[in-house]
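The first residue of the sequence shown is numbered 1, and numbering continues consecutively from there. Quick caveat: nothing in here was measured; it's all calculated off a predicted structure.
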Amino acid sequence: MAQALNTMGVHFFYSGDLPHALCHYQRCLVLRQEIGDRKGAATTLSNIGVIDRDQGDYVAALEHYDRSLRIREEIGDEQGIAASLNNIGNLCGSQGAYAKALDHYQRSLKIREVQDDQGGIAGSLINLGNIHHTWDSMTKGWITTNAA
């Protein structure tokens, strides 16, 4: 039942129906917590965090991402830890906290390299490149604007 609720949440999320996605994720989270599925609960917390982020509630997003990360660290889910670090990096980057984003992406990359997760490594490198590009563009734009 929990997996079905999660799948429905994903469906509604990609359909753009965030309220229904959130409702399904919240019901899924309750069930996963009741049955002791900590790995699944961590995934669902991340899904809820994505909705929070998309709705502009960065405080709630960070709370859900942090809860997910703590669970994943407690159970030793290395792939999950890397994903949570990546989510937090995305959130930091979207708020202009580029140094924090870089730190989280680099930590995620290290885990993915140890795991030999080629797809994850590629994703982390893309995120690192995007943050460097954004940060460099902002810095160069600022210097150019103020120098004129």
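Judged as a side chain to side chain donor-acceptor pair (under 3.5 Å), the pairs with a partner in residues 87-96 (not counting sequence neighbours) are, in order, Asn90-Tyr105. Among pairs with a residue in residues 93-106, those fulfilling salt bridge (charged side-chain N to carboxylate O under 4.0 Å, His left out) read Asp103-Arg107, at least two apart in sequence or across chains.
For the atom pair CG (Leu18) and CD (Gln55), the distance works out to 5.0 Å, reported to the nearest 0.5 Å. Atoms CG and SG, from Asn47 and Cys28 in turn, are 8.0 Å apart once rounded to the nearest 0.5 Å.
Its side chain within the 4.5 Å cluster rule, Phe12 clusters with Met8 among the Ile, Leu, Val, Met, Phe, Trp and Tyr residues.
Every residue two or more places apart in sequence or in another chain that forms a side chain to side chain donor-acceptor pair (under 3.5 Å) with Ser84 is listed here: Ser68, Arg72. For Asp77, the side chain to side chain donor-acceptor pair (under 3.5 Å) test picks out no residue, with sequence neighbours left out. Listed by chain and residue number, Glu74 satisfy the salt bridge (charged side-chain N to carboxylate O under 4.0 Å, His left out) test with Arg38 (two or more places apart in sequence, or in another chain).
For the pair Arg53/Asp57, no side-chain contact is recorded, criterion being any heavy-atom separation below 4.5 Å from C-beta on. Contact check for His132 versus Asn130: no side-chain heavy atoms found under the 4.5 Å cut-off. Side-chain atoms of Gln79 and Asp117, non-hydrogen and from C-beta on, do get closer than 4.5 Å to each other.
Heavy atoms only, all atoms of each residue included: Arg32 and Gly40 are closest at NH1-O, 3.0 Å.
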